[in-house]
A.B. asks: 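This is the structure, below, for whatever I ask next.
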Amino acid sequence: RGKFFIQFYTVFVVKFKFLPYLDLKNDKFRCIIMTTAGCKNIFTCEKTFFTCGKNKEKREKMNIINGVCVCRDYAEMSRLAADVFSDYVRENPKGVLGLATGSTPIGIYECLVADYKAGKLDFSEITSYNLDEYYPIEPTHEQSYRRFMNENLFDFVNIDKAKTFVPDGKCEDPAAFCADYDKRIAAAGGIGVQLLGVGRNGHIGFNEPADALIGGTHLADLTDSTID
């Protein structure tokens, strides 16, 4: 069994109004849920407000049902999600990104790299925090999410890697590290826009299904379905 810090093609993009960490009970936020047209499961939440970006023309082109953007294919979903991040970076050049890993967001990162190479984005003053990492693991390991982020985004844009944070998979005291990670996010002013993936068993950000949510960064056991 594996541990993590804390698909069919489905991603959540959450744009926070204010927040050092996600509190579903108290914080108000806007959320875009994007899924490919062949998806059989549609996720909604009565306590969240869904939007599909500021561009009215773009909203009219999408099939939006109960706050869900149903895209024609993976490429369209990736482009739409990347547009949310691109808009945020342009509007908030010193902003804070919340990033995710796995196969689903690769297309999003490819779009962001393309935007950067086209001269449309500047990541030089951006800060980022990643959702999770295996534990224990070296950052150079082929399964490490630090390595994943380097190989899929950080190595191809002008972001300062000293301002890119991924949970430390080799820390000696996970509990102390997790508490410090949350303090760092709070000190940075919270996450401006967060990318989340949905697992096959419904886990979000590798928070496995349970009768209650655990607030803050923590060490979690993964289910067999997630590991597979």
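Predicted model only: the values in this text are computed from it and were never measured.
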A.B. asks: What is the minimum heavy-atom distance between D73 and E76, and which atoms define it?
C.D. replies: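 Minimum heavy-atom contact is OD1-N, 2.8 Å.
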A.B. asks: Which value, rounded to the nearest 0.5 Å, describes the distance between I159 atom CD1 and L153 atom CG?
C.D. replies: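 If I round to the nearest 0.5 Å, the distance is 6.5 Å.
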A.B. asks: Tell me which one of L99, V84, V89 satisfies side-chain contact (heavy atoms from CB on, under 4.5 Å) with V193.
C.D. replies: V84
A.B. asks: Heavy-atom count check: over 12 atoms from other residues, nucleotides or ligands less than 6.0 Å from K117 NZ?
C.D. replies: no
A.B. asks: Begin with the C-alpha distance, continue with both residues' side-chain angles, and end with the deciding distance and a verdict on side-chain contact (heavy atoms from CB on, under 4.5 Å) for Q143 and F148.
C.D. replies: CA-CA 7 Å; Q143 295 296 321; F148 175 96; over 6 Å; no
A.B. asks: So how far is it from T127 OG1 to R184 CZ, rounded to the nearest 0.5 Å?
C.D. replies: 11.5 Å
A.B. asks: Identify the heavy atoms of I185 and Y129 that sit nearest to each other, and give their distance.
C.D. replies: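 Shortest heavy-atom contact: CG1-CD2, 3.6 Å.
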A.B. asks: So which atom in C171 and which in F177 form the shortest heavy-atom distance, rounded to 0.1 Å?
C.D. replies: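 What the structure gives for the nearest pair is SG-CB, 3.8 Å.
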A.B. asks: Hey, what do you get for NZ (K120) to CG (L112), rounding to the nearest 0.5 Å?
C.D. replies: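 K120 NZ to L112 CG: 11.5 Å, rounded to 0.5 Å.
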A.B. asks: Treating Y74 as the side-chain partner and G107 as the backbone partner, does any N or O pair qualify as donor plus acceptor under 3.5 Å?
C.D. replies: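 Yes: the side chain of Y74 pairs with the backbone of G107.
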A.B. asks: Please find the pair of heavy atoms, one from P167 and one from Y181, that lie closest to each other, and give the distance.
C.D. replies: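 That would be CD-OH, 3.4 Å.
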A.B. asks: Roughly how far apart are S128 OG and F154 CZ, rounded to 0.5 Å?
C.D. replies: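 Taking OG in S128 and CZ in F154, the distance rounds to 3.5 Å.
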A.B. asks: Quick one: pull up CD in E142 and CZ in R147 and give me the separation to the nearest 0.5 Å.
C.D. replies: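 Reported to 0.5 Å precision, the distance equals 6.5 Å.
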A.B. asks: When you look at CZ of R90, are more than 12 heavy atoms from neighbouring residues, nucleotides or ligands closer to it than 6.0 Å?
C.D. replies: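 It does: R90 CZ has more than 12 such atoms within range.
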A.B. asks: Using only atom types and a distance under 3.5 Å, with no angle test, would you say the side chain of D168 pairs donor to acceptor with the backbone of K170?
C.D. replies: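 A pair under 3.5 Å: yes.
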A.B. asks: How long is the gap from CD1 on I108 to CG on N152, to the nearest 0.5 Å?
C.D. replies: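 Output value for this atom pair is 11.5 Å.
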A.B. asks: Taking side-chain contact (heavy atoms from CB on, under 4.5 Å) as the criterion, tell me which of L97, T164, N158 meets it with I126.
C.D. replies: L97
A.B. asks: So that I know where these two stand, are Y134 and Y145 an aromatic pair - ring centroids less than 6.0 Å apart?
C.D. replies: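 For Y134 and Y145, the ring centres are under 6.0 Å apart.
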A.B. asks: Hey, mind stepping through R79 and D115 against salt bridge (Lys or Arg N to Asp or Glu O under 4.0 Å) and telling me if it holds?
C.D. replies: CA-CA 10 Å; R79 182 66 264 176; D115 287 350; 2.7 Å; yes
A.B. asks: Is there a donor-acceptor contact under 3.5 Å linking the side chains of S144 and E133?
C.D. replies: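 Checked: S144/E133 side chains pair up, N/O donor to acceptor below 3.5 Å.
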A.B. asks: Looking just at side-chain N and O atoms, do R146 and T140 make a donor-acceptor pair shorter than 3.5 Å?
C.D. replies: no
A.B. asks: Any sub-3.5 Å donor-acceptor pair from N92's side-chain atoms to K94's backbone N or O?
C.D. replies: no
A.B. asks: Any donor-acceptor pair under 3.5 Å linking the side chain of Y88 with the backbone of V96?
C.D. replies: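 Yes, because the side chain of Y88 sits within donor-acceptor range (under 3.5 Å) of the backbone of V96.
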A.B. asks: Might you point out which heavy atoms bring S124 and D160 nearest each other, and give the distance in Å?
C.D. replies: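 Of all heavy-atom pairs spanning S124 and D160, the closest is O-CB, 4.4 Å.
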A.B. asks: Which heavy-atom pair separates N150 from F156 by the least distance, and what is that distance?
C.D. replies: O-CE1, 4.2 Å
A.B. asks: Show the numbers, then the answer: is there a side-chain contact (heavy atoms from CB on, under 4.5 Å) between L131 and T101?
C.D. replies: CA-CA 8 Å; L131 282 171; T101 53; over 6 Å; no
A.B. asks: Could you check whether any side-chain heavy atom of L121 comes within less than 4.5 Å of a side-chain heavy atom of F123, counting everything from C-beta outward?
C.D. replies: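 Yes. Closest side-chain heavy atoms under 4.5 Å.
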